[in-house]
Amino acid sequence: VNGGTQPESGSGPGKGRLPVTFLSDFGYEDEFAGVCRIVIERRCPGARVIDVTHDIPPGDVRRGALALHEAVSYSPPAVHLAVVDPGVGTPRRAVAVAAGGHFLVGPDNGLLALAVEAAGRPVKAFEVSRSPVRLEPVSRTFHGRDLFSPVAAALASGVLPADLGDPVDPDSLEGIGLPAAVVEPDRITAHVLYADRFGNLVLDAGAPEIAGSFLQGAGPGSGVRVETGQGTTSDARFGVTFGDAAEGGAVLFADSSGRLSLALNRGDAADRFALGRDDTITISPA
Amino acid sequence: VNGGTQPESGSGPGKGRLPVTFLSDFGYEDEFAGVCRIVIERRCPGARVIDVTHDIPPGDVRRGALALHEAVSYSPPAVHLAVVDPGVGTPRRAVAVAAGGHFLVGPDNGLLALAVEAAGRPVKAFEVSRSPVRLEPVSRTFHGRDLFSPVAAALASGVLPADLGDPVDPDSLEGIGLPAAVVEPDRITAHVLYADRFGNLVLDAGAPEIAGSFLQGAGPGSGVRVETGQGTTSDARFGVTFGDAAEGGAVLFADSSGRLSLALNRGDAADRFALGRDDTITISPA
Amino acid sequence: VNGGTQPESGSGPGKGRLPVTFLSDFGYEDEFAGVCRIVIERRCPGARVIDVTHDIPPGDVRRGALALHEAVSYSPPAVHLAVVDPGVGTPRRAVAVAAGGHFLVGPDNGLLALAVEAAGRPVKAFEVSRSPVRLEPVSRTFHGRDLFSPVAAALASGVLPADLGDPVDPDSLEGIGLPAAVVEPDRITAHVLYADRFGNLVLDAGAPEIAGSFLQGAGPGSGVRVETGQGTTSDARFGVTFGDAAEGGAVLFADSSGRLSLALNRGDAADRFALGRDDTITISPA
């Protein structure tokens, strides 16, 4: 049996410990996420691991950051383990961040940035690449198993982050770049952040952009025009739920995370409009 | 951190609480199912959530109902959270149903119908759209997070369903339509309910149809003829397991849920016969 | 509610019980893995089930054996439930194996072989097809639900394996055949064991083959030539992590399980080279 000469942390199964949420791009077809769960159980027996998702597109740090933001926004105090780490093995930092009663553990590549903001203050950060709880030898390509899972398990079992690494300036943590919708008097030029499982196109516009645009005055169910490609326009309803359009019809609405989204009622908008990440959608009055 | 001005339910981690099974069409690529799990943990710390599946085809209420039926049939007393909800945000009801020691929570669109039958009697139903435990503001498109998860968590922590909504007549709950195989003296005309992961074609015929047809007299391993499309027929074995046909050969058998299924030994019947949901298969003696 | 006239095992939720890891080829789209989890909860209330993966390709016993080996290598003492079982319903044996503080449960088709070795000694094996804890009637096609899950739950709750079946000679357990790389003075002829989620091509060569080949003398970052098909060669770097090649470049490295792997830095090698299971890769100095 590999690794692990470190003393086991924690005081055994029982109360008082934090749950561990777990997000990654490890997918479901290999044993990667499973082995991480097993390492957490080994280091923190009885740990409650709550999967957020492991199907973030490989290396898509931005999609991971957006998903983690949603998870942390609804979470009780917890350890949030997040691994989307295309730079694993390079000198990028590995961090544990304490923020507003939450702990976040992962690579310092922007993945944690939106979630740290959602978690609140105060914020303290620690570089954990050489953490005493790591599994030796640390592989160069699977820090999820050898570094991040042991650190998360230690935090879940009550170890203080200051005992897991060296303090770093929270302001030095990597941010994450998001595109920005452009609002003009009679037009919103937005970008697709991602298409979700249902084919809903999630855009880089939310309550402020809606409030500052012609949509502010638009009644529920009013018609809008969406340009989804060079010269390709479609009619849509500005609504609050899918049923505000006829079956198969397009609806533009503020989704459950507050973002403007383009969907089809009982259909797949990403498929219909052949749009995905970073594509542009222009919205104007009908 | 969003939502949740409601008092937290339950008496903390410990014994006496019910496990929560969780089925949805949320998929695995987004954070939807994960955020629901997080809300359950927040409202019922230490809750044991058991995933049934989250990959029900988007909006396929019938497939969800069939899967939930299997889950409940093998379950100890539990809360069964089920969300396949293409009508979210429309006036369809949201319900919690107590049946035979189980609780079922989800949209009233037929999703729960087969499972309620499996759970047994007595049956009581409650409309929970305005439940006091809901997360405010309730989004119009993600009742899984804002309504159904909090209701399931409350039931898991011991809150009575009568405290979560208003009673409704159990007989008014939506049913689910299933196709019906036609049994004639020398022929069964069946329909594909769905193809499973292995490509097995699960049909709308079970023990009664087998008993009432020519298959009743057929010995194990006897030959049958299957017509899988206009004029396309194949030979199959009527057996009890995949190995009753030669490798790559077709076998017709009563599967682990009691339904007649068409499979290939170490192969994918859905792929081979190019069949799926609602397609017709005609079975006759060889 | 189906099955289960057996007395429930175990002493209720609490401490002292083993976690259950769970690996299968059941996939995520059906309720198969979920129903197994539910049966475990029913037989061992409060059981901690840790999913390894359920997306082993259907019937791919070798891929299952390799994944299970990794899981067990990092696991604390646990029950390891593994079901990749294309011969279900045929006379293949069903076994529970005690090895070095671990228990392994599954079909005797080679699936457990590598994990049993990793778990250590002493090894005892039991045939459990007629186990008293099985769910009656045992289906012919879903032993995961009716046989293996109840056996795993019983072991997790403290039942001794000798009470679950009849002893069999551990040396009679099925092995698993793996291809073998051929090392020549200036060439390694290796085979693809599988492509992982990231498109990394995992090869049948590890530390011994590296040590015995020209790669032993190769410095980090040195160039190698890989032949990935009849007459198709590419340049690659021999490194330790993806970043040792330029973006999009090929890197050959010992992966986190110690196996030689061919990857692209921020790319998908399986896709680029159009290679998969059992294909040959020839590696020579640049």
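Because the structure is a prediction, the values reported are computed rather than measured. Proteins get letters first, then strands, A, B, ... in listed order; numbering begins at 1 in each.
The contact between B/Phe32 and chain A is made entirely by side chain atoms (from C-beta outward), counting heavy-atom distances below 4.5 Å. A/Tyr28 touches chain B through its side chain: at least one heavy atom from C-beta onward sits under 4.5 Å away, while N, CA, C and O do not.
Using a distance-only test at 3.5 Å, with no hydrogens or angles considered, a donor-acceptor pair links the side chain of A/Arg197 to the main chain of B/Asp25. Side chain of B/Thr141 to main chain of A/Phe242: no donor-acceptor pair is present (N/O by atom type, distance under 3.5 Å, no hydrogens or angles).
Here the NE2-OG distance, from B/His143 to A/Ser256, works out to 10.0 Å after rounding to the nearest 0.5 Å. Residue A/Ser73 holds its OG atom at 9.5 Å from CD of B/Glu31, rounded to the nearest 0.5 Å.
The two residues A/Tyr74 and B/Ile38 come nearest to each other via the heavy atoms O-CG2, 3.4 Å. Here the shortest heavy-atom pairing between B/Glu41 and A/Pro19 reads OE2-CG, 3.8 Å.
Residues of residues 52-65 of chain B lying under 4.5 angstrom from chain A, judged on non-hydrogen atoms, are B/His54, B/Asp55, B/Ile56, B/Pro57, B/Pro58 by number.
Considering only heavy-atom pairs separated by less than 4.5 Å from chain B, the leading option among A/Asp51, A/Asp268, A/Leu23 is A/Asp51. The candidate with the highest count of non-hydrogen atom pairs below 4.5 Å against chain A, out of B/Val138, B/Asp30, B/Val35, is B/Asp30.
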